[in-house]
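In what follows, a single structure is set out as structure tokens and then discussed.
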Amino acid sequence: MSDATVAEFMTSPVLTVTGDEIALDVAAAMDDQAINSVVVVDEACQPEGILTSTDYVRLTADGVDPTETTVADHMTRDIVTASPDTTLSAVAARMRANDISHVPVVDDEDRVMGILSATDLTSYLATD
């Protein structure tokens, strides 16, 4: 994976939401934008969690009414982030070690500026 960095392959802008948003509304936004995750942020746009399509499937499979629950109730709170200058090989190792497929990209002030997915890594490998 040479010296390629996250900045070269991340998706930006990224869809961000707050934890108090209704799960169904966020799922609809994800569907509209054909994306598989959203980063949950606080007032300063710092990441608090991530909600993926897998999380959404899990909540519906558990019989939770998506119109009656918030993103905060189902998001993953323990997230791994990367800076834009992180190498793709380093972030791929983190993704594998943590069994995750989405990594929010943050700036020097820990504000969300993008996201890198396993799909982005696959695109890089396919063109390398």
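Along the sequence shown, residues carry numbers from 1. Predicted model only: the values in this text are computed from it and were never measured.
Qualifying salt bridge (charged side-chain N to carboxylate O under 4.0 Å, His left out) partners for Asp55, counting only residues two or more places apart in sequence or in other chains: Arg58. Applying the salt bridge (charged side-chain N to carboxylate O under 4.0 Å, His left out) rule to Asp107 yields the partners Arg111; only residues at least two apart in sequence or on another chain are considered. Partners of Glu68 by salt bridge (charged side-chain N to carboxylate O under 4.0 Å, His left out), not counting sequence neighbours: none found.
Note on Ile50 and Tyr56: separate hydrophobic clusters, where clusters join Ile, Leu, Val, Met, Phe, Trp and Tyr whose side-chain heavy atoms are under 4.5 Å apart, directly or indirectly. There is no path of hydrophobic side-chain contacts, each under 4.5 Å, that joins Val105 to Val41.
Shown here for Val91 and Ala82, the closest heavy-atom pair between the two residues is CG2-CB, 4.0 Å. The shortest non-hydrogen separation linking Gly114 to Ser12 is CA-CB, 4.3 Å.
Applying the ring-ring contact (aromatic ring centres under 6.0 Å, His included) rule to pairs touching residues 7-39 yields Phe9-Tyr124, sequence neighbours excluded. Pairs of residues two or more places apart, or lying in two chains, never qualify as salt bridge (charged side-chain N to carboxylate O under 4.0 Å, His left out) while including a residue from residues 15-42.
Side-chain atoms of Pro104 and Val14, non-hydrogen and from C-beta on, never get closer than 4.5 Å to each other. For the pair Asp120 and Met10, the minimum side-chain heavy-atom distance is 4.5 Å or more. Here the side chains of Leu116 and Leu88 are in contact, with some heavy-atom distance below 4.5 Å. Here the side chains of Pro66 and Leu59 are in contact, with some heavy-atom distance below 4.5 Å. Side-chain atoms of Pro47 and Thr81, non-hydrogen and from C-beta on, do get closer than 4.5 Å to each other. Under the 4.5 Å side-chain criterion, counting only non-hydrogen atoms from C-beta, Glu48 is not in contact with Thr18. Between Thr52 and Asn36, the closest side-chain pair of non-hydrogen atoms is not below 4.5 Å.
No side-chain N or O of Thr122 forms a donor-acceptor pair with one of Thr119 less than 3.5 Å apart.
With hydrogens and angles ignored, the 3.5 Å screen pairs a side-chain donor or acceptor of Arg77 with a backbone N or O of Ala72. Between the side chain of Asp73 and the main chain of Thr69, no donor-acceptor pair closer than 3.5 Å is present. Side-chain N or O atoms of Asp65 include one that pairs as donor or acceptor with a backbone N or O of Thr67 at under 3.5 Å.
His102 NE2 to Thr11 OG1: the interatomic distance, rounded to the nearest 0.5 Å, is 9.0 Å. Taking CE of Met113 as the start and SG of Cys45 as the end, the distance is 11.0 Å to the nearest 0.5 Å.
For CG of Asp108, the number of neighbouring non-hydrogen atoms (other residues, nucleotides, ligands) closer than 6.0 Å is 12 at most.
In the hydrophobic clustering, Val40 connects to Leu15, Val17, Val26, Met30, Ile35, Val38, Leu51, Val71, Met75, either directly or through intervening members, whenever side-chain heavy atoms lie under 4.5 Å apart.
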Next on the checklist: Using side-chain contact (heavy atoms from CB on, under 4.5 Å), reason through Ser37 and Ile115 one step at a time and then give a plain yes or no.
Outcome noted: CA-CA 9 Å; Ser37 66; Ile115 194 161; 3.4 Å; yes
